[in-house]
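Inspection log for the structure reproduced underneath, given as C-alpha coordinates.
In what follows, chains carry the letters A, B, and so on, assigned in the order in which the sequence lines appear, proteins first and then strands, with residues in each chain numbered from 1.
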Amino acid sequence: MNIYKELKDRGFIYQETDVENTEKILTEEKVTFYVGFDPTGSSLHVGHLLPIMGMRLLQQAGHTPIVLVGGATALVGDPSGKSSARPILTKENVAENAAALKEQLSRFISIDNAIFVNNIDWFEGVKYIDFLRDIGSKFSVNKMLAAESVKQRLETGISYLEFSYSLLQAYDFYILNRDHNCRMQFGGQDQWGNIVAGTELVRRMNGSQSCAMTFPLLLNSQGEKFGKTAGAAVWLDPERTSIFDYYQFWRNCDDADVGKLLCYFTNLPLAEINDLAALEAPAINRAKEILAYEATKLAHGKAEAEKAYLAACGKFGFADPKGDIITSSEVASIKSQAIEADLPTYEIASGELAGDGMWIVKLFTDCGLCKSNGDARRLIKGGGAYMNDERVSNMDQNLVEADFVDGSITLKAGKKNIRKIILR
RNA sequence: GGUGGGCUUCCCGAGCGGUCAAAGGGGGCAGACUGUAAAUCUGCUGCGGUAGCUUCGGUGGUUCGAAUCCACCGCCCACCA
(Lines give C-alpha, C1' and ligand atoms only; values in the text may rest on other atoms or scores of the structure.)
Protein backbone atom coordinates (compact mmCIF):
# COMPACT_ATOMS: atom_id res chain seq x y z
CA MET A 1 0.00 0.00 0.00
CA ASN A 2 1.23 3.44 -0.87
CA ILE A 3 0.45 5.36 2.29
CA TYR A 4 1.03 8.71 0.69
CA LYS A 5 -1.42 7.99 -2.05
CA GLU A 6 -3.84 6.60 0.45
CA LEU A 7 -3.72 9.81 2.48
CA LYS A 8 -4.04 11.91 -0.60
CA ASP A 9 -6.96 9.97 -2.06
CA ARG A 10 -8.80 10.01 1.22
CA GLY A 11 -8.45 13.74 1.41
CA PHE A 12 -6.09 14.00 4.34
CA ILE A 13 -3.53 16.19 2.66
CA TYR A 14 -4.23 19.88 2.50
CA GLN A 15 -0.75 21.33 2.18
CA GLU A 16 2.74 19.91 2.26
CA THR A 17 6.08 21.56 2.65
CA ASP A 18 7.99 19.24 0.41
CA VAL A 19 5.86 18.12 -2.48
CA GLU A 20 8.67 16.30 -4.27
CA ASN A 21 10.01 14.20 -1.45
CA THR A 22 7.18 13.50 0.96
CA GLU A 23 5.83 10.61 -1.02
CA LYS A 24 9.26 9.08 -1.36
CA ILE A 25 10.00 9.36 2.31
CA LEU A 26 6.66 7.97 3.39
CA THR A 27 6.76 5.00 1.07
CA GLU A 28 10.42 4.08 1.17
CA GLU A 29 11.34 4.81 4.76
CA LYS A 30 10.00 4.40 8.23
CA VAL A 31 9.87 7.76 9.86
CA THR A 32 8.95 9.23 13.18
CA PHE A 33 6.38 12.00 12.97
CA TYR A 34 4.52 14.11 15.43
CA VAL A 35 1.15 15.65 15.98
CA GLY A 36 0.45 18.08 18.77
CA PHE A 37 -2.65 18.24 20.92
CA ASP A 38 -3.68 20.90 23.35
CA PRO A 39 -4.56 19.38 26.69
CA THR A 40 -7.25 21.97 27.20
CA GLY A 41 -9.96 19.47 28.04
CA SER A 42 -10.35 16.12 29.68
CA SER A 43 -11.86 14.58 26.60
CA LEU A 44 -11.36 14.70 22.90
CA HIS A 45 -14.26 15.43 20.63
CA VAL A 46 -14.88 14.53 17.04
CA GLY A 47 -13.27 17.76 15.96
CA HIS A 48 -9.96 16.20 16.99
CA LEU A 49 -10.58 13.05 15.08
CA LEU A 50 -9.20 13.90 11.67
CA PRO A 51 -5.56 14.19 12.76
CA ILE A 52 -6.02 11.11 14.88
CA MET A 53 -7.24 9.12 11.91
CA GLY A 54 -4.31 10.46 9.94
CA MET A 55 -1.93 9.26 12.63
CA ARG A 56 -3.63 5.95 12.62
CA LEU A 57 -3.11 5.43 8.92
CA LEU A 58 0.52 6.45 9.18
CA GLN A 59 1.13 4.17 12.09
CA GLN A 60 -0.50 1.27 10.31
CA ALA A 61 1.90 1.94 7.46
CA GLY A 62 4.77 1.39 9.84
CA HIS A 63 5.63 4.93 10.85
CA THR A 64 6.07 5.94 14.45
CA PRO A 65 3.84 8.62 15.88
CA ILE A 66 4.83 11.01 18.59
CA VAL A 67 1.87 12.42 20.43
CA LEU A 68 2.87 15.76 21.78
CA VAL A 69 0.78 17.14 24.59
CA GLY A 70 1.11 20.88 24.67
CA GLY A 71 1.32 21.33 28.40
CA ALA A 72 3.48 24.40 27.99
CA THR A 73 2.00 25.85 24.85
CA ALA A 74 -1.48 25.51 26.30
CA LEU A 75 -0.42 28.13 28.79
CA VAL A 76 0.24 30.53 25.94
CA GLY A 77 -2.64 29.79 23.64
CA ASP A 78 -2.43 29.50 19.93
CA PRO A 79 -3.65 32.70 18.28
CA SER A 80 -4.97 30.88 15.26
CA GLY A 81 -8.61 30.41 16.03
CA LYS A 82 -10.53 32.05 18.75
CA SER A 83 -10.10 35.57 19.95
CA SER A 84 -10.99 34.90 23.55
CA ALA A 85 -8.20 33.95 25.89
CA ARG A 86 -7.94 30.38 26.99
CA PRO A 87 -8.34 29.52 30.62
CA ILE A 88 -5.04 28.99 32.34
CA LEU A 89 -4.49 25.40 33.29
CA THR A 90 -2.72 24.13 36.32
CA LYS A 91 -0.05 21.50 36.00
CA GLU A 92 -2.35 18.99 37.61
CA ASN A 93 -5.01 19.81 35.08
CA VAL A 94 -2.66 19.25 32.23
CA ALA A 95 -1.45 15.96 33.66
CA GLU A 96 -5.00 14.72 34.10
CA ASN A 97 -6.00 15.81 30.64
CA ALA A 98 -2.93 14.26 29.14
CA ALA A 99 -3.75 10.95 30.78
CA ALA A 100 -7.31 11.09 29.51
CA LEU A 101 -6.04 11.95 26.07
CA LYS A 102 -3.74 8.97 26.06
CA GLU A 103 -6.53 6.68 27.11
CA GLN A 104 -8.82 7.88 24.36
CA LEU A 105 -6.10 7.81 21.75
CA SER A 106 -5.36 4.22 22.58
CA ARG A 107 -8.55 3.21 20.84
CA PHE A 108 -7.32 4.66 17.59
CA ILE A 109 -3.63 4.06 17.59
CA SER A 110 -1.46 1.46 19.18
CA ILE A 111 0.12 3.23 22.10
CA ASP A 112 2.84 0.64 22.41
CA ASN A 113 4.28 1.84 19.15
CA ALA A 114 3.84 5.49 19.88
CA ILE A 115 5.81 8.01 21.87
CA PHE A 116 4.09 10.35 24.28
CA VAL A 117 5.76 13.60 25.22
CA ASN A 118 4.74 16.77 26.98
CA ASN A 119 6.44 19.95 25.95
CA ILE A 120 6.36 21.30 29.49
CA ASP A 121 9.23 18.89 30.06
CA TRP A 122 11.60 20.91 27.94
CA PHE A 123 10.07 24.34 28.21
CA GLU A 124 10.25 24.36 31.95
CA GLY A 125 13.99 24.59 31.94
CA VAL A 126 14.30 27.10 29.14
CA LYS A 127 15.82 30.43 30.08
CA TYR A 128 14.36 33.45 28.41
CA ILE A 129 17.59 35.08 27.34
CA ASP A 130 18.99 31.83 26.03
CA PHE A 131 15.84 31.20 24.13
CA LEU A 132 15.86 34.64 22.59
CA ARG A 133 19.47 34.28 21.55
CA ASP A 134 19.35 30.72 20.28
CA ILE A 135 15.89 30.56 18.82
CA GLY A 136 14.65 34.11 18.52
CA SER A 137 17.63 35.07 16.44
CA LYS A 138 16.60 32.55 13.83
CA PHE A 139 13.26 34.17 13.22
CA SER A 140 12.53 37.09 10.97
CA VAL A 141 9.76 39.30 12.20
CA ASN A 142 9.16 40.42 8.65
CA LYS A 143 8.42 36.88 7.72
CA MET A 144 6.30 36.21 10.74
CA LEU A 145 4.20 39.23 9.99
CA ALA A 146 3.54 37.86 6.56
CA ALA A 147 2.15 34.62 7.95
CA GLU A 148 -1.53 34.29 7.22
CA SER A 149 -2.54 33.53 10.78
CA VAL A 150 -0.77 36.62 12.04
CA LYS A 151 -1.94 38.78 9.19
CA GLN A 152 -5.51 38.11 10.06
CA ARG A 153 -4.95 38.96 13.66
CA LEU A 154 -3.09 42.10 12.77
CA GLU A 155 -6.42 43.63 11.87
CA THR A 156 -7.94 43.00 15.26
CA GLY A 157 -4.81 42.92 17.33
CA ILE A 158 -2.48 40.29 18.62
CA SER A 159 -0.45 40.26 21.80
CA TYR A 160 3.25 39.55 21.87
CA LEU A 161 2.48 36.42 23.83
CA GLU A 162 0.41 35.01 21.04
CA PHE A 163 2.73 36.32 18.39
CA SER A 164 5.49 34.23 19.93
CA TYR A 165 3.48 31.09 19.73
CA SER A 166 5.01 29.91 16.50
CA LEU A 167 8.49 30.06 18.06
CA LEU A 168 7.34 27.71 20.76
CA GLN A 169 5.80 25.24 18.38
CA ALA A 170 8.87 25.44 16.17
CA TYR A 171 11.00 24.73 19.20
CA ASP A 172 8.98 21.60 19.88
CA PHE A 173 9.78 20.28 16.46
CA TYR A 174 13.44 21.13 16.90
CA ILE A 175 13.62 19.22 20.18
CA LEU A 176 11.78 16.23 18.81
CA ASN A 177 13.96 16.20 15.76
CA ARG A 178 17.06 16.34 17.92
CA ASP A 179 16.00 13.79 20.51
CA HIS A 180 13.75 11.43 18.60
CA ASN A 181 14.85 11.95 15.04
CA CYS A 182 11.36 13.15 14.31
CA ARG A 183 11.25 14.20 10.71
CA MET A 184 7.67 15.06 9.98
CA GLN A 185 5.00 17.08 11.56
CA PHE A 186 1.28 16.92 10.90
CA GLY A 187 -1.35 19.34 12.00
CA GLY A 188 -4.52 21.15 11.15
CA GLN A 189 -4.48 23.54 8.26
CA ASP A 190 -4.59 26.48 10.65
CA GLN A 191 -1.22 25.32 11.95
CA TRP A 192 0.55 25.90 8.68
CA GLY A 193 2.49 28.94 9.78
CA ASN A 194 3.66 27.32 12.99
CA ILE A 195 4.58 24.15 11.21
CA VAL A 196 6.61 25.82 8.52
CA ALA A 197 8.41 27.77 11.21
CA GLY A 198 9.28 24.41 12.71
CA THR A 199 10.72 22.81 9.62
CA GLU A 200 12.81 25.88 9.06
CA LEU A 201 14.11 25.96 12.59
CA VAL A 202 14.99 22.31 12.39
CA ARG A 203 17.01 22.96 9.28
CA ARG A 204 18.86 25.87 10.78
CA MET A 205 19.46 24.37 14.19
CA ASN A 206 20.09 20.74 13.39
CA GLY A 207 20.98 21.04 9.76
CA SER A 208 18.54 18.29 8.95
CA GLN A 209 15.73 18.11 6.46
CA SER A 210 12.25 17.73 7.80
CA CYS A 211 8.90 18.09 6.23
CA ALA A 212 5.34 18.59 7.19
CA MET A 213 1.78 18.32 6.05
CA THR A 214 -1.46 19.82 7.14
CA PHE A 215 -4.86 18.21 7.27
CA PRO A 216 -7.84 20.09 5.95
CA LEU A 217 -10.19 21.86 8.26
CA LEU A 218 -13.37 19.87 8.24
CA LEU A 219 -16.50 21.68 7.29
CA ASN A 220 -19.83 20.13 6.58
CA SER A 221 -21.49 20.85 3.28
CA GLN A 222 -23.03 23.94 4.86
CA GLY A 223 -19.59 25.36 5.46
CA GLU A 224 -19.95 25.02 9.19
CA LYS A 225 -17.35 23.65 11.51
CA PHE A 226 -17.64 19.96 11.84
CA GLY A 227 -18.12 18.11 15.07
CA LYS A 228 -20.83 19.95 16.85
CA THR A 229 -24.40 19.09 17.32
CA ALA A 230 -26.95 21.20 19.09
CA GLY A 231 -24.19 23.72 19.47
CA ALA A 232 -22.27 21.35 21.69
CA ALA A 233 -19.27 19.25 20.87
CA VAL A 234 -19.64 15.55 20.33
CA TRP A 235 -17.28 13.98 22.83
CA LEU A 236 -15.46 10.71 22.74
CA ASP A 237 -16.05 10.33 26.44
CA PRO A 238 -19.23 8.26 26.81
CA GLU A 239 -20.00 10.10 30.03
CA ARG A 240 -20.38 13.31 28.10
CA THR A 241 -21.83 12.04 24.88
CA SER A 242 -23.64 8.74 25.20
CA ILE A 243 -22.63 6.08 22.73
CA PHE A 244 -26.10 6.13 21.30
CA ASP A 245 -25.84 9.85 20.66
CA TYR A 246 -22.37 9.38 19.25
CA TYR A 247 -23.73 6.87 16.80
CA GLN A 248 -26.60 9.20 15.99
CA PHE A 249 -24.23 12.06 15.29
CA TRP A 250 -22.73 10.14 12.42
CA ARG A 251 -25.99 8.61 11.35
CA ASN A 252 -27.54 12.06 10.94
CA CYS A 253 -24.89 13.47 8.69
CA ASP A 254 -25.72 15.30 5.54
CA ASP A 255 -26.21 13.23 2.36
CA ALA A 256 -23.52 15.20 0.65
CA ASP A 257 -20.98 14.48 3.37
CA VAL A 258 -21.22 10.70 3.68
CA GLY A 259 -18.51 9.87 1.21
CA LYS A 260 -16.06 12.30 2.67
CA LEU A 261 -16.73 11.13 6.19
CA LEU A 262 -16.34 7.50 5.23
CA CYS A 263 -12.94 8.33 3.79
CA TYR A 264 -11.80 10.10 6.88
CA PHE A 265 -13.34 8.14 9.67
CA THR A 266 -13.53 4.53 8.56
CA ASN A 267 -11.11 1.97 7.20
CA LEU A 268 -13.30 0.90 4.35
CA PRO A 269 -11.52 0.74 1.00
CA LEU A 270 -11.93 3.73 -1.25
CA ALA A 271 -13.59 1.86 -4.07
CA GLU A 272 -16.30 0.69 -1.74
CA ILE A 273 -16.75 4.15 -0.31
CA ASN A 274 -17.29 5.57 -3.75
CA ASP A 275 -20.03 3.04 -4.37
CA LEU A 276 -21.67 3.74 -1.05
CA ALA A 277 -21.55 7.49 -1.48
CA ALA A 278 -23.13 7.15 -4.91
CA LEU A 279 -26.20 5.38 -3.59
CA GLU A 280 -29.43 7.08 -4.49
CA ALA A 281 -32.40 8.28 -2.56
CA PRO A 282 -33.23 6.28 0.53
CA ALA A 283 -30.46 3.77 -0.05
CA ILE A 284 -27.93 6.40 0.93
CA ASN A 285 -29.11 5.77 4.44
CA ARG A 286 -27.31 2.46 4.42
CA ALA A 287 -24.09 4.35 3.80
CA LYS A 288 -24.86 6.46 6.84
CA GLU A 289 -25.52 3.40 8.95
CA ILE A 290 -22.20 1.97 7.88
CA LEU A 291 -20.46 5.23 8.65
CA ALA A 292 -22.08 5.46 12.06
CA TYR A 293 -21.35 1.86 12.90
CA GLU A 294 -17.73 2.03 11.82
CA ALA A 295 -17.06 5.32 13.53
CA THR A 296 -18.69 4.15 16.73
CA LYS A 297 -16.78 0.90 16.59
CA LEU A 298 -13.50 2.77 16.42
CA ALA A 299 -14.31 5.00 19.32
CA HIS A 300 -16.19 2.63 21.59
CA GLY A 301 -15.58 -0.89 20.41
CA LYS A 302 -17.46 -3.45 18.42
CA ALA A 303 -19.95 -4.55 21.04
CA GLU A 304 -21.06 -1.02 21.84
CA ALA A 305 -21.30 -0.11 18.19
CA GLU A 306 -23.52 -3.07 17.54
CA LYS A 307 -25.76 -2.14 20.42
CA ALA A 308 -26.05 1.44 19.25
CA TYR A 309 -26.77 0.29 15.72
CA LEU A 310 -29.52 -2.04 16.76
CA ALA A 311 -30.99 0.40 19.23
CA ALA A 312 -31.10 3.16 16.65
CA CYS A 313 -32.52 0.93 13.97
CA GLY A 314 -35.04 -0.33 16.47
CA LYS A 315 -36.25 3.20 16.85
CA PHE A 316 -36.03 4.38 13.29
CA GLY A 317 -35.94 1.31 11.10
CA PHE A 318 -33.27 -0.48 9.11
CA ALA A 319 -32.09 1.17 5.93
CA ASP A 320 -31.25 -2.08 4.21
CA PRO A 321 -32.96 -4.93 6.06
CA LYS A 322 -32.41 -7.44 3.28
CA GLY A 323 -28.74 -6.71 2.94
CA ASP A 324 -28.88 -5.81 -0.73
CA ILE A 325 -26.11 -3.31 -0.49
CA ILE A 326 -22.67 -4.81 -0.56
CA THR A 327 -20.21 -3.74 2.06
CA SER A 328 -17.14 -5.11 3.73
CA SER A 329 -18.24 -3.58 6.99
CA GLU A 330 -18.98 -5.98 9.78
CA VAL A 331 -22.29 -4.29 10.15
CA ALA A 332 -23.48 -6.53 7.33
CA SER A 333 -23.23 -9.56 9.56
CA ILE A 334 -25.48 -8.13 12.24
CA LYS A 335 -28.97 -9.49 12.09
CA SER A 336 -31.56 -6.87 11.40
CA GLN A 337 -33.29 -7.42 14.64
CA ALA A 338 -34.16 -4.49 16.75
CA ILE A 339 -33.20 -4.54 20.36
CA GLU A 340 -34.49 -2.34 23.06
CA ALA A 341 -31.23 -1.41 24.58
CA ASP A 342 -28.65 1.18 25.22
CA LEU A 343 -30.84 4.20 25.00
CA PRO A 344 -29.35 6.97 27.05
CA THR A 345 -30.75 6.55 30.51
CA TYR A 346 -31.40 8.69 33.52
CA GLU A 347 -32.23 7.35 36.94
CA ILE A 348 -34.44 8.87 39.55
CA ALA A 349 -35.08 7.66 43.05
CA SER A 350 -38.60 6.69 43.91
CA GLY A 351 -38.40 9.13 46.78
CA GLU A 352 -38.49 11.96 44.31
CA LEU A 353 -42.00 10.96 43.38
CA ALA A 354 -43.23 11.21 46.94
CA GLY A 355 -46.12 13.52 47.68
CA ASP A 356 -47.53 15.11 44.58
CA GLY A 357 -45.15 13.31 42.30
CA MET A 358 -42.63 14.80 39.97
CA TRP A 359 -43.37 17.66 37.66
CA ILE A 360 -42.92 16.52 34.11
CA VAL A 361 -41.22 19.76 33.09
CA LYS A 362 -38.63 19.28 35.78
CA LEU A 363 -37.99 15.73 34.68
CA PHE A 364 -37.27 16.88 31.15
CA THR A 365 -34.75 19.32 32.57
CA ASP A 366 -33.18 16.94 35.05
CA CYS A 367 -32.56 14.20 32.56
CA GLY A 368 -30.67 16.58 30.33
CA LEU A 369 -33.14 16.69 27.47
CA CYS A 370 -33.78 20.38 28.15
CA LYS A 371 -31.51 23.11 29.36
CA SER A 372 -33.95 24.66 31.79
CA ASN A 373 -37.51 24.41 32.94
CA GLY A 374 -38.37 27.24 30.62
CA ASP A 375 -36.80 25.33 27.76
CA ALA A 376 -38.80 22.26 28.67
CA ARG A 377 -41.97 24.27 28.92
CA ARG A 378 -41.38 25.72 25.49
CA LEU A 379 -40.72 22.28 24.12
CA ILE A 380 -44.04 21.05 25.45
CA LYS A 381 -45.87 24.12 24.23
CA GLY A 382 -44.37 23.62 20.81
CA GLY A 383 -45.49 20.02 20.68
CA GLY A 384 -42.05 18.48 20.67
CA ALA A 385 -42.20 16.62 23.94
CA TYR A 386 -43.14 12.99 24.10
CA MET A 387 -43.66 10.56 26.92
CA ASN A 388 -43.77 6.91 25.91
CA ASP A 389 -44.22 8.10 22.34
CA GLU A 390 -47.27 10.15 23.14
CA ARG A 391 -47.15 13.87 22.80
CA VAL A 392 -47.16 15.65 26.13
CA SER A 393 -49.91 18.22 26.10
CA ASN A 394 -50.36 19.03 29.74
CA MET A 395 -47.33 20.71 31.15
CA ASP A 396 -48.73 20.80 34.64
CA GLN A 397 -48.89 17.09 35.00
CA ASN A 398 -47.06 15.33 37.77
CA LEU A 399 -45.70 11.85 37.40
CA VAL A 400 -46.29 9.33 40.09
CA GLU A 401 -44.98 5.86 40.55
CA ALA A 402 -47.88 4.32 38.70
CA ASP A 403 -46.80 6.10 35.54
CA PHE A 404 -43.63 4.09 35.46
CA VAL A 405 -44.73 0.97 33.70
CA ASP A 406 -42.12 -1.68 34.35
CA GLY A 407 -40.16 0.88 36.27
CA SER A 408 -39.32 3.16 33.39
CA ILE A 409 -40.59 5.90 31.15
CA THR A 410 -39.25 7.01 27.80
CA LEU A 411 -39.06 10.71 27.20
CA LYS A 412 -38.32 12.32 23.89
CA ALA A 413 -37.49 15.86 22.94
CA GLY A 414 -38.32 15.87 19.30
CA LYS A 415 -38.19 12.66 17.37
CA LYS A 416 -34.57 11.92 17.95
CA ASN A 417 -33.52 12.88 21.44
CA ILE A 418 -34.43 10.04 23.67
CA ARG A 419 -33.94 9.41 27.32
CA LYS A 420 -35.07 6.40 29.23
CA ILE A 421 -36.01 7.31 32.76
CA ILE A 422 -35.49 4.50 35.17
CA LEU A 423 -37.08 4.44 38.57
CA ARG A 424 -35.09 2.96 41.32
C1' G B 1 1.74 58.61 27.72
C1' G B 2 -1.87 61.72 24.31
C1' U B 3 -6.30 61.95 21.18
C1' G B 4 -10.44 59.64 19.17
C1' G B 5 -13.68 55.20 18.74
C1' G B 6 -15.67 50.96 21.11
C1' C B 7 -17.38 47.06 24.99
C1' U B 8 -25.45 44.88 24.27
C1' U B 9 -28.53 38.58 25.37
C1' C B 10 -24.72 31.92 21.77
C1' C B 11 -22.49 35.18 17.39
C1' C B 12 -23.09 39.66 14.39
C1' G B 13 -25.63 43.90 15.33
C1' A B 14 -29.94 47.99 16.44
C1' G B 15 -31.10 50.36 20.63
C1' C B 16 -35.02 58.24 21.68
C1' G B 17 -34.34 58.22 30.10
C1' G B 18 -39.83 55.21 30.72
C1' U B 19 -44.14 51.61 26.06
C1' C B 20 -36.72 47.18 26.68
C1' A B 21 -35.94 40.80 28.41
C1' A B 22 -34.12 44.70 24.61
C1' A B 23 -35.25 45.49 16.71
C1' G B 24 -32.98 42.68 12.68
C1' G B 25 -29.89 38.79 10.92
C1' G B 26 -27.14 34.27 11.85
C1' G B 27 -27.02 30.00 14.65
C1' G B 28 -29.83 26.61 17.60
C1' C B 29 -34.37 23.87 19.11
C1' A B 30 -39.27 22.12 17.96
C1' G B 31 -43.60 21.35 14.48
C1' A B 32 -45.24 20.22 9.28
C1' C B 33 -43.22 17.82 4.90
C1' U B 34 -39.47 13.77 4.29
C1' G B 35 -35.40 9.27 4.06
C1' U B 36 -33.45 9.60 11.55
C1' A B 37 -31.24 13.77 4.95
C1' A B 38 -31.41 18.54 2.37
C1' A B 39 -34.60 22.44 0.92
C1' U B 40 -39.08 24.92 2.33
C1' C B 41 -42.89 26.84 5.56
C1' U B 42 -44.40 27.76 10.94
C1' G B 43 -43.37 28.52 16.11
C1' C B 44 -39.82 29.13 19.97
C1' U B 45 -34.99 30.90 21.47
C1' G B 46 -32.47 35.00 29.73
C1' C B 47 -34.32 32.40 34.59
C1' G B 48 -38.79 31.17 36.89
C1' G B 49 -44.75 25.89 38.53
C1' U B 50 -45.52 32.52 35.60
C1' A B 51 -46.40 35.98 41.11
C1' G B 52 -42.02 37.72 39.80
C1' C B 53 -36.53 37.73 39.22
C1' U B 54 -31.68 38.76 37.13
C1' U B 55 -29.17 40.82 32.23
C1' C B 56 -26.68 45.28 28.28
C1' G B 57 -17.59 45.42 30.48
C1' G B 58 -17.09 46.75 36.26
C1' U B 59 -18.21 49.98 40.41
C1' G B 60 -20.56 54.07 42.22
C1' G B 61 -23.87 58.33 41.18
C1' U B 62 -28.03 61.51 39.01
C1' U B 63 -33.34 60.31 38.53
C1' C B 64 -39.88 58.51 40.56
C1' G B 65 -37.44 55.56 36.62
C1' A B 66 -31.17 54.08 33.23
C1' A B 67 -28.64 49.46 28.23
C1' U B 68 -29.57 54.67 27.41
C1' C B 69 -27.07 60.61 31.46
C1' C B 70 -22.45 61.53 34.88
C1' A B 71 -17.77 59.86 37.40
C1' C B 72 -14.04 56.50 38.08
C1' C B 73 -11.89 51.76 36.79
C1' G B 74 -10.94 47.64 33.35
C1' C B 75 -10.34 45.69 28.50
C1' C B 76 -10.19 46.26 22.97
C1' C B 77 -9.29 49.20 18.40
C1' A B 78 -7.19 53.40 15.46
C1' C B 79 -3.91 57.36 14.94
C1' C B 80 -0.01 60.11 17.38
C1' A B 81 4.32 59.66 20.84
Task: Spacing between A:F244 atom CZ and B:U36 atom P, to the nearest angstrom - done: 13 Å
TODO: In whole angstrom, give the distance that lies between atom CD1 of A:I380 and atom P of B:G48.
DONE: 13 Å
Task: Length of the CG-C1' vector between A:D320 and B:G35, whole Å - done: 14 Å
Open item on the list: Suppose you measure atom C1' in B:U54 against the same atom in B:A66; what distance do you get, rounded to whole Å?
Closed with: 16 Å
- [ ] To the nearest 0.5 angstrom, please state how far the CZ atom of A:F318 sits from the CZ atom of A:R286.
- [x] 9.0 Å
Task: Over 12 foreign heavy atoms within 6.0 Å of CG, A:D324 - done: yes
TODO: In whole angstrom, give me the gap between the P atoms of B:C70 and B:U63.
DONE: 15 Å
- [ ] Name the closest nucleotide to the A:D254 side chain, picking from B:U36, B:A37, B:A32.
- [x] B:A37
Task: side chain to side chain contact (heavy atoms under 4.5 Å, CB included) between A:W235 and A:Q104, intermediate numbers included - done: CA-CA 11 Å; A:W235 302 96; A:Q104 293 185 343; over 6 Å; no
Open item on the list: For a quick check of understanding: with a heavy-atom distance under 4.0 Å over all strands, which category does A:A413 fall into, base, sugar-phosphate or nothing?
Closed with: sugar-phosphate
TODO: Figure out the CG/C1' separation between A:D389 and B:U36, and round it to whole Å.
DONE: 14 Å
Task: d(CZ, A:F249; C1', B:A37) in whole Å - done: 14 Å
Open item on the list: Nearest to the side chain of A:D396, heavy atoms from C-beta on, is which of B:U36, B:G35, B:G49?
Closed with: B:G49
Open item on the list: Checking A:K362 against A:E352 for the salt bridge (charged side-chain N to carboxylate O under 4.0 Å, His left out) test, could you report, in this order, the C-alpha distance in whole Å, the side-chain angles of both residues, the deciding distance, and whether it holds?
Closed with: CA-CA 11 Å; A:K362 190 170 181 316; A:E352 293 187 62; 5.2 Å; no
Task: Gap between atoms CD and C1', on A:Q248 and B:U36 respectively (whole Å) - done: 6 Å
TODO: For A:K288, answer base if it contacts any base atom (sugar-phosphate contacts may also be present), sugar-phosphate if it contacts only those atoms, and nothing otherwise; contact means non-hydrogen atoms under 4.0 Å.
DONE: base
Open item on the list: Give me the distance, rounded to whole Å, that separates B:C12 from B:G58 when you measure between the C1' atoms they each carry.
Closed with: 24 Å
Open item on the list: Taking B:G5 as the reference, what is the distance to B:C72 when you measure between their P atoms (whole Å, please)?
Closed with: 15 Å
Task: Side chain of A:R391 (C-beta onward), nearest among B:G31, B:G35, B:G49 - done: B:G31
TODO: Classify the nucleic acid contact of A:C253 as base, sugar-phosphate or nothing, counting any heavy atom under 4.0 Å across all strands shown.
DONE: sugar-phosphate
Open item on the list: With a 3.5 Å limit on both atom pairs, tell me what B:G27 is paired to, counting Watson-Crick and G-U wobble, or say none.
Closed with: B:U45
Open item on the list: Please report the distance, rounded to the nearest Å, between NZ in A:K371 and C1' in B:G28.
Closed with: 7 Å
- [ ] Check whether any side-chain nitrogen or oxygen of A:R377 sits under 4.0 Å from OP1 or OP2 of B:U50, and answer yes or no.
- [x] no
- [ ] Could you check which of B:G48, B:G31, B:C47 has an atom nearest any side-chain atom of A:R378?
- [x] B:C47
Open item on the list: Need one value for A:D356: base, sugar-phosphate or nothing, where a base atom within 4.0 Å counts as base even if backbone is also close, heavy atoms only.
Closed with: nothing
Open item on the list: Starting the side chain at C-beta, find the nucleotide from B:A37, B:C29, B:A32 nearest to A:D255.
Closed with: B:A37
Task: A:N285 (side chain) and B:G35 (base): donor-acceptor pair under 3.5 Å - done: yes
Task: Options B:A37, B:G49, B:G48, nucleotide nearest the side-chain atoms of A:S372 - done: B:G48
- [ ] Return the 5'-most residue of the pair A:G414, A:W359 with respect to RNA chain B, ranking by each residue's nearest nucleotide.
- [x] A:G414
Open item on the list: Both A:E289 and A:G382 contact RNA chain B. Which one's nearest nucleotide lies toward the 5' end?
Closed with: A:G382
TODO: Look through every strand shown and name the nucleotide pairing with B:A67 as Watson-Crick or G-U wobble, where both distances are under 3.5 Å.
DONE: none
- [ ] Tell me whether the OP1 or OP2 atom of B:A32 has a side-chain N or O from A:K415 closer than 4.0 Å.
- [x] yes
Open item on the list: Quick check for you: to the nearest 0.5 Å, what is the distance between A:Y247 atom OH and A:L310 atom CG?
Closed with: 8.5 Å
TODO: Rounded off to whole Å, could you give me the NZ-to-P distance for the A:K412 and B:U36 pair?
DONE: 12 Å
TODO: Only one of A:W192, A:F33, A:F12, A:F173 passes ring-ring contact (aromatic ring centres under 6.0 Å, His included) with A:F186; say which it is.
DONE: A:F33
Task: Nucleotide paired to B:A21 in any strand shown, Watson-Crick or G-U, under 3.5 Å - done: none
TODO: Could you work out which one of B:A37, B:G49, B:G35 sits closest to the side chain of A:N252?
DONE: B:A37
Task: Donor-acceptor pair between A:T327 and A:E272 side chains, under 3.5 angstrom - done: yes
Open item on the list: When both hydrogen-bonding distances must be under 3.5 Å and the geometry is Watson-Crick or G-U wobble, what is B:A37 paired with, if anything?
Closed with: none
Open item on the list: Nearest to the side chain of A:R251, heavy atoms from C-beta on, is which of B:U36, B:G49, B:G31?
Closed with: B:U36
TODO: Take atom C1' in B:G24 and the same atom in B:G15, then report the distance between them in whole Å.
DONE: 11 Å
Open item on the list: Checking base pairs now: Watson-Crick or wobble, both atom distances under 3.5 Å. What partners B:G4?
Closed with: B:C77
Task: A:N417, nearest nucleotide to its side chain (from B:G49, B:C29, B:U36) - done: B:C29
Task: Nucleotide of B:A37, B:G31, B:A30 approaching A:Y386 most closely (side-chain heavy atoms) - done: B:G31
- [ ] For B:C11 and B:G4, measure between their P atoms and round to the nearest Å.
- [x] 30 Å
- [ ] Determine the Euclidean distance between corresponding C1' atoms of B:A14 and B:A22; express it in Å to zero decimal places.
- [x] 10 Å
- [ ] Could you check A:Q185, A:Q15, A:Q169 and say which one makes a side chain to side chain donor-acceptor pair (under 3.5 Å) with A:Q191?
- [x] A:Q169
Open item on the list: Taking pairing as Watson-Crick or G-U wobble with both contacts under 3.5 Å, can you name the mate of B:C56, or confirm there isn't one?
Closed with: none
TODO: Report yes or no: is the cationic atom of A:K420 (NZ for Lys, CZ for Arg) closer than 6.0 Å to the six-membered ring centre of A:Y346, at no more than 45° off its axis?
DONE: no
TODO: Pick the P atom in B:G49 and in B:G13, then give their distance to the nearest Å.
DONE: 35 Å
